[in-house]
Amino acid sequence: MAKIAVLGYGTVGSGVVEVLETNKDSITKRAGREIEVKSVLDLRDFPGDLIQEKIVHDVDVIINDPEIEVVVEVMGGVEPAFTFVKRALEAGKSVCTSNKALVAAHGPELLEMAKKRNLNFMFEASVGGGIPIIRPLNQSLTADEITKITGILNGTTNYILTKMDKEGSTYEETLKEAQELGYAERNPEADVEGFDACRKIAILTSLAYGSTVKFEEIRTEGITKITTKDFKYAEKLGYVVKLLATSCKENDKVYAITAPFMINSTHPLYNVNDVLNGIYIHGNVIGNVMFFGAGAGKLPTASAVVADVVDCVKHKGKNVMTVWSVEKLELGDADDEVRKFFVRVKGNVSDLSAVNAAFGNVQTVTVDGIDGEFGFITEPMSERAFAEAAKKIDMIHRIRIDETTI
């Protein structure tokens with residue numbers, strides 16, 4: 001029998017316990033041994049819950065227990081999670097986590113600690129929730145040179161943008177509804193400002209190229225400035241608006257960005273709606289690969305965590321190699337990236353003199369009922385060139401365009 005401990009009995013932690021119990025027989029077959037939760041760390045007590053007999057309030061009880069082989073960290077945040085995970089590894093216990101903040105900040109360091117001790121540090125659930133993506137990058141796609149990764153990696157923002165698109169609701173109205181449904185936190189900043197998706201693309205990019213991408217260095221914009229007018233223009237043009245986290249390799253340089261993009265029906269992520277997530281990968285040999293499913297939620301995320309636990313139990317005493325060096329990957333200058341832009345500008349479409357002088361030939365668009373402004377799409381241009389040209393017009397808003405096709 002393999003005994004494990006769970007740090008945190010919140011949504012995901014309780015899900016891990018539930019998945020282990022619900023699928024006990026099949027998990028035992030796949031792991032080669034029965035897996036039992038021996039201890040659960042939480043500050044709270046749970047009177048009336050069967051888990052209460054396993055609740056401990058001091059992490060030392062778990063760290064110092066020689067019977068516990070694997071520790072599941074589902075507390076969230078960097079501290080005290082980082083300290084607890086380090087201590088668990090030092091005590092000879094493998095660790096599985098769903099904590100993207102921890103992985104983005106300390107992933108390579110913890111992987112190296114595990115490797116030196118013939119242990120494992122696994123984090124499948126930290127990026128795609130229930131979508132398997134870490135293993136494919138580590139194992140299935142190792143023969144490929146990855147040239148592009150693009151993902152809808154945050155269910156909260158995808159839900160908000162989908163509702164705004166389909167129902168014409170405002171950002172504020174939809175955010176409030178998302179909070180009432182439990183899709184958005186009371187403080188939604190990490191989601192709506194793009195930080196959550198940014199951390200996830202930093203992890204994926206680090207794994208794809210083997211060196212550490214600092215999430216703080218990725219250009220990141222959220223969805224708070226997207227309005228119902230933007231969606232009306234998008235509909236007229238045959239686009240939808242999605243928060244994309246993307247990285248690509250061009251001329252031996254890696255570029256990364258997290259921001260709202262307009263995409264059309266030929267884009268692989270066009271139909272990824274509501275709280276679902278999707279991840280698109282292009283390899284130089286395999287071509288296009290898509291991963292799609294529940295990117296969050298109690299049981300989907302817990303399922304991915306338990307899959308890691310099974311892997312740790314199966315490979316006890318053996319490190320499953322993950323190529324992610326502490327060496328920093330220098331990202332290319334984001335201002336050098338070239339793409340089209342959709343722009344809303346004050347004025348009348350009959351007078352394009354200022355726009356043409358700044359941007360050259362553009363494709364214009366107007367929407368019935370929206371007065372005093374018009375929209376246009378630029379030719380492909382660098383972010384730097386766009387920023388310079390935008391100074392010469394009375395711009396209301398701009399959204400980047402991703403022309404990736406299936």
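As the structure is a computational prediction, the values presented were derived from the model and not from experiment. Heavy atoms only: backbone and side chains are in, while hydrogens, waters and symmetry mates are out. Counting begins at 1 with the first residue of the sequence.
The minimum heavy-atom distance between Ala234 and Val241, with the atom names listed, is CB-CG2, 4.2 Å. In terms of heavy atoms, Cys248 sits closest to Glu337 at SG-OE1, 4.0 Å. Shortest non-hydrogen contact noted between Thr212 and Pro108 is OG1-CG, 3.3 Å. For Leu20 against Ile27, the heavy-atom pair with the smallest separation is CA-CD1, 4.0 Å. Contact detail for Ile149 and Ala208: the closest heavy-atom pair is CD1-CB, 3.7 Å.
Defined by atom type and a distance below 3.5 Å, a donor-acceptor pair is missing between the side-chain atoms of Thr266 and Thr405. Side-chain contact of Asp25 with Thr28: a donor-acceptor pair under 3.5 Å is absent, judged by distance alone. Side chain to side chain, Glu383 and Tyr255 fail the donor-acceptor criterion of an N or O pair below 3.5 Å.
With a 6.0 Å radius and a threshold of 12 heavy atoms from other residues, nucleotides or ligands, Glu327 has its CD atom at or below the threshold. Crowding of Met290 atom CE: a count of heavy atoms from other residues, nucleotides or ligands under 6.0 Å exceeding 12. Other residues, nucleotides and ligands contribute only 12 or fewer heavy atoms inside 6.0 Å of the NZ atom of Lys24. The number of heavy atoms from other shown groups lying within 6.0 Å of CG (Leu181) is above 12. Surrounding NZ of Lys316 are at most 12 heavy atoms belonging to other residues, nucleotides or ligands under 6.0 Å away. Shown here is Glu185, whose CD atom has no more than 12 heavy atoms of other residues, nucleotides or ligands within 6.0 Å. Lys115 NZ: 12 or fewer foreign heavy atoms inside a 6.0 Å radius. Atom CG of Asp58 has more than 12 neighbouring heavy atoms from other residues, nucleotides or ligands inside a 6.0 Å radius.
A heavy-atom distance below 4.5 Å is not found between the side chains of Thr258 and Leu244. Residues Thr150 and Leu269 meet the side-chain proximity criterion, which asks for heavy atoms closer than 4.5 Å. Annotation: side chain of Arg344 is not in contact with side chain of Met395 (no heavy-atom distance under 4.5 Å). Looking at Val365 and Phe342, their side chains come closer than 4.5 Å, going by heavy atoms from C-beta outward. In this structure the side chain of Val71 never reaches within 4.5 angstrom of the side chain of Ser94, judged on heavy atoms. Residues Ser39 and Ile68 have side chains in contact (heavy-atom distance under 4.5 Å, counting atoms from C-beta outward). A heavy-atom distance below 4.5 Å is not found between the side chains of Lys229 and Val367. Taking 4.5 Å as the limit, some side-chain heavy atom of His397 sits within range of a side-chain heavy atom of Asp230.
Here the side chain of Asp394 pairs no donor or acceptor atom with the backbone of Lys346 at under 3.5 angstrom. The main-chain N or O of Tyr9 is found under 3.5 Å from a side-chain atom of Asp42 such that the two form a donor-acceptor pair. No donor-acceptor pair closer than 3.5 Å links the side chain of Asp49 to the backbone N or O of Gln52. In this structure, Asn64 contributes its side chain and Asp60 its backbone to a donor-acceptor pair below 3.5 Å. For the pair Asn23 (side chain) and Ser26 (backbone), a donor-acceptor distance under 3.5 Å is absent. At distances below 3.5 Å, at least one donor-acceptor pair connects side-chain atoms of Ser126 with backbone N or O atoms of Phe123. Between the side chain of Lys242 and the backbone N or O of Val272 there is at least one donor-acceptor pair closer than 3.5 Å. Checked by atom type and distance alone, the side chain of Asn273 never pairs as donor or acceptor with a backbone atom of Thr162 at under 3.5 Å. Between the side chain of Asn158 and the main chain of Asp274, a donor-acceptor pair closer than 3.5 Å is present. Not a single donor-acceptor pair under 3.5 Å links the side chain of Thr301 to the backbone N or O of Lys298.
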Side chain to side chain donor-acceptor pair (under 3.5 Å) between Tyr209 and Glu145, intermediate numbers included: CA-CA 9 Å; Tyr209 302 113; Glu145 290 284 335; over 6 Å; no
Criterion salt bridge (charged side-chain N to carboxylate O under 4.0 Å, His left out) on Lys328 and Glu217, from CA distance to verdict: CA-CA 11 Å; Lys328 184 182 168 191; Glu217 297 178 5; 2.6 Å; yes
Intermediate values then yes/no, salt bridge (charged side-chain N to carboxylate O under 4.0 Å, His left out), Lys93 and Glu69: CA-CA 5 Å; Lys93 307 176 193 305; Glu69 298 178 25; over 6 Å; no
Evaluation steps, side chain to side chain donor-acceptor pair (under 3.5 Å), between Tyr270 and Asn264: CA-CA 6 Å; Tyr270 180 83; Asn264 67 20; over 6 Å; no
Derivation of the side-chain contact (heavy atoms from CB on, under 4.5 Å) call for Thr97 and Leu102: CA-CA 9 Å; Thr97 184; Leu102 172 67; 4.2 Å; yes
Test salt bridge (charged side-chain N to carboxylate O under 4.0 Å, His left out) applied to Glu403 and Lys340, step by step: CA-CA 8 Å; Glu403 294 192 299; Lys340 291 182 179 180; 3.3 Å; yes
Stepwise salt bridge (charged side-chain N to carboxylate O under 4.0 Å, His left out) check, Lys232 with Asp368: CA-CA 9 Å; Lys232 288 178 181 177; Asp368 291 342; over 6 Å; no
Side chain to side chain donor-acceptor pair (under 3.5 Å) between Asp402 and Thr404, intermediate numbers included: CA-CA 6 Å; Asp402 187 324; Thr404 302; 2.6 Å; yes
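Sorted by first then second residue, the ring pair (Phe, Tyr, Trp, His ring centres under 6.0 Å) pairs that include residues 56-85, not counting sequence neighbours, are Phe82-His106. Annotation: ring pair (Phe, Tyr, Trp, His ring centres under 6.0 Å) contacts involving residues 177-201, sequence neighbours excluded, comprise Tyr159-Tyr183.
Lys391 is linked by a salt bridge (Lys or Arg N to Asp or Glu O under 4.0 Å) to Glu388, counting only residues two or more places apart in sequence or in another chain. Residues satisfying the salt bridge (Lys or Arg N to Asp or Glu O under 4.0 Å) test with Asp196, not counting sequence neighbours, are Lys100, Lys200. For Phe376, the ring pair (Phe, Tyr, Trp, His ring centres under 6.0 Å) partners two or more places apart in sequence, or in a different chain, are Phe359. Among residues two or more places apart in sequence or in another chain, the salt bridge (Lys or Arg N to Asp or Glu O under 4.0 Å) test is passed with Arg30 by none.
Remark: Glu330 does not engage Lys253 in a salt bridge, criterion side-chain N to carboxylate O under 4.0 Å. Ion pairing between a basic and an acidic side chain is recognised when a charged N comes within 4.0 Å of a carboxylate O; Lys318 and Asp311 show no such pairing. Ion pairing between Glu221 and Arg219 fails under the 4.0 Å rule for side-chain N and carboxylate O.
Of the candidates Glu79, Arg87, Lys86, Thr83 forms a side-chain hydrogen bond (donor to acceptor under 3.5 Å, both in side chains) with just one, namely Glu79.
Geometrically, Arg398 does not engage Phe341 in a cation-pi contact defined by less than 6.0 Å to the ring centre and at most 45° from the axis.
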